[in-house]
Asks: 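The following block contains the structure, expressed as structure tokens.
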There are 2 protein chains.
Amino acid sequence: MLSEAERRCAERQVRLTPQRRRVLEVIADRHGAIGAYEIIARLGEGRSRPAPISVYRALDFLMAQGLVHRLASLNAFIACSGPDRAHGAQFLICRGCGVIGELNDASVEAAIGRAAAAAGFAVAAPLVEVTGLCRSCRTSDAPA
Amino acid sequence: MLSEAERRCAERQVRLTPQRRRVLEVIADRHGAIGAYEIIARLGEGRSRPAPISVYRALDFLMAQGLVHRLASLNAFIACSGPDRAHGAQFLICRGCGVIGELNDASVEAAIGRAAAAAGFAVAAPLVEVTGLCRSCRTSDAPA
DNA sequence: GCCCCACCTGTTACACTATAACATAGCGAA
DNA sequence: TTCGCTATGTTATAGTGTAACAGGTGGGGC
């Protein structure tokens with residue numbers, strides 16, 4: 001995953017600096033969403049804690065490269081599961097266990113494109129965040 | 001719109017108190033998105049300015065009744081255009097002029113439902129926020 | 001009438017999220 | 001070397017949202 005990120009940055013002639021790389025590592029370590037200030041805390045464990053702005057700048061870079069997504073409804077960030085193919089951001093957020101699934105369904109994006117076009121709207125960044133229950137939380141909650 | 005809201009609250013036996021009603025009025029006055037702290041400022045123009053928590057509580061109520069939606073990507077709120085029929089939240093956000101369009105397209109919701117079901121996920125609250133350019137901003141930007 | 005309960009609101013303080021403005025440092029090319 | 005671009009550091013502050021507890025209001029049952 002990290003090597004894929006490096007390959008991609010080299011290809012685009014952008015710099016995956018040590019600091020940006022550390023931020024990406026912290027996000028990827030967590031298999032799920034992580035808040036900006038928790039990233040800051042994790043980075044500050046050994047060395048000196050970076051200022052918020054430093055981490056936000058790294059996050060801006062990583063998002064621009066499509067390596068990280070922002071979950072607007074959670075104010076949190078998550079590593080992109082399949083950074084190789086371009087895609088909009090579609091997420092399934094389980095309100096039971098908090099697990100995040102990346103959806104990236106072409107038919108959803110197509111339906112959004114059609115509906116938007118019918119309104120004369122040119123889509124730039126479609127954002128889909130679906131709250132609900134994942135398979136395992138659903139079965140355990142079922143008898144309610 | 002306000003009378004529709006009153007009707008709906010009466011039907012459900014919930015109270016659209018003066019304070020909640022004022023918050024709804026402020027949101028509806030603005031034909032677009034408005035931030036929580038701007039609502040506070042508007043409410044504080046004549047009388048004494050309410051505490052943030054008061055406004056957030058009113059917003060929670062209005063959202064629970066489906067009279068107001070939250071735009072997660074903007075940290076802002078907007079009056080629901082068609083509160084009579086139940087629907088998820090789907091918005092078109094123009095990054096040119098800032099105008100917000102409510103989409104509420106059944107095929108988008110259906111596509112999300114299908115894709116989520118394929119992942120074993122039970123949808124509770126689908127959120128769609130599409131950034132792009134509205135018809136008029138698109139034509140004026142075109143020659144670029 | 002009176003009490004009780006449920007709901008709504010007020011008050012104070014605080015936590016969390018994000019950016020502005022300006023200074024410094026590294027790195028490559030002319 | 002010097003310039004220009006990008007990345008980072010430093011300090012301060014703006015913006016968004018909640019916690020915890022107290023007080024007030026209104027309606028139903030006795």
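Chain naming here is simple, since letters A, B, ... match the order of the sequence lines and numbering starts at 1 in each.
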Asks: Which atoms form the tightest heavy-atom contact between Pro126(A) and Ala124(A), and what is the distance?
Replies: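 Closest approach of Pro126(A) to Ala124(A), heavy atoms only: CD-O, 3.9 Å.
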Asks: How about Val23(B) and Phe61(B): do any of their side-chain heavy atoms sit closer than 4.5 Å?
Replies: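 The answer is no; the side chains never approach within 4.5 Å.
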Asks: So do the side chains of Leu16(A) and Leu62(A) get within less than 4.5 Å of each other, counting heavy atoms only?
Replies: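 They are in contact (side-chain heavy atoms under 4.5 Å apart), so the answer is yes.
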Asks: So, taking the atom named CG in Leu59(A) and the one named CG in Leu67(A), what distance separates them when rounded to the nearest 0.5 Å?
Replies: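 Rounded to the nearest 0.5 Å, the CG-CG separation comes out at 11.5 Å.
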Asks: Could you state the atom-to-atom distance from CZ of Arg12(B) to C1' of dC7(C) in whole Å?
Replies: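 My rounded result for the distance is 18 Å.
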Asks: Rounded to whole angstroms, how far apart are CD1 on Ile34(B) and C1' on dT16(D)?
Replies: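 Atom-to-atom, Ile34(B) to dT16(D), this comes out as 14 Å.
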Asks: Within the structure provided, determine whether Ile27(B) and Ile39(B) are in side-chain contact (heavy-atom separation under 4.5 Å).
Replies: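 Yes, side chains in contact.
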Asks: Are any of the side-chain heavy atoms of Leu92(B) and Glu102(B) separated by less than 4.5 Å?
Replies: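 SC-SC contact between Leu92(B) and Glu102(B) ruled out.
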Asks: With axes from five pairs an end, tell me the bend angle of the helix from dG1(C)-dC30(D) to dA30(C)-dT1(D), nearest 10°.
Replies: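 It works out to 10° between the end axes.
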Asks: Whole-Å distance between dT8(D) P and Arg47(A) CZ?
Replies: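 Nearest whole value for this atom pair: 13 Å.
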Asks: Which nucleotides of nucleotides 24-30 of chain C have their base under 4.0 Å from a protein heavy atom (B), which only their sugar-phosphate (S), and which neither (-), written as one string 5' to 3'?
Replies: -------
Asks: Indicate yes or no: at least one non-hydrogen side-chain atom of Arg47(A) is less than 4.5 angstrom from one of Leu43(A).
Replies: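 Arg47(A) does not reach Leu43(A) side chain to side chain.
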Asks: Rounded to the Å, how far apart are Gln19(A) CD and dT6(D) P?
Replies: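 Nearest whole value for this atom pair: 18 Å.
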Asks: List the steps and the verdict of side-chain contact (heavy atoms from CB on, under 4.5 Å) for Arg20(A) and Arg15(A).
Replies: CA-CA 9 Å; Arg20(A) 290 167 175 174; Arg15(A) 285 191 259 169; 4.3 Å; yes
Asks: Which letters describe nucleotides 14-23 of chain C, given B = protein heavy atom under 4.0 Å from base, S = only from sugar-phosphate, - = neither?
Replies: ---BBBB---
Asks: Starting from C1' on dT8(D), measure out to CG on Leu62(A) and report it in whole angstrom.
Replies: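 It is 15 Å, rounded to the nearest whole Å.
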Asks: Is there a side-chain contact between Ile100(A) and Leu74(A) (heavy atoms, below 4.5 Å)?
Replies: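 Of all side-chain heavy-atom pairs linking Leu74(A) with Ile100(A), at least one is under 4.5 Å.
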Asks: Which heavy atom in Ala118(B) sits nearest to a heavy atom in Arg135(A), and how many Å separate them?
Replies: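 Shortest heavy-atom contact: O-NH2, 4.3 Å.
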Asks: Find the distance Gln13(B):CD to dG26(D):P and express it as a whole number of Å.
Replies: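 So the CD-P distance, Gln13(B) to dG26(D), works out to 18 Å.
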Asks: What is the distance, to the nearest angstrom, from the CG atom on Leu16(B) to the C1' atom on dT9(C)?
Replies: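 Going from Leu16(B) (CG) to dT9(C) (C1'), I get 15 Å.
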Asks: Can you find a side-chain donor-acceptor pair between Arg8(B) and Gln65(B) that sits under 3.5 Å?
Replies: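 No, Gln65(B) and Arg8(B) have no side-chain donor paired with an acceptor closer than 3.5 Å.
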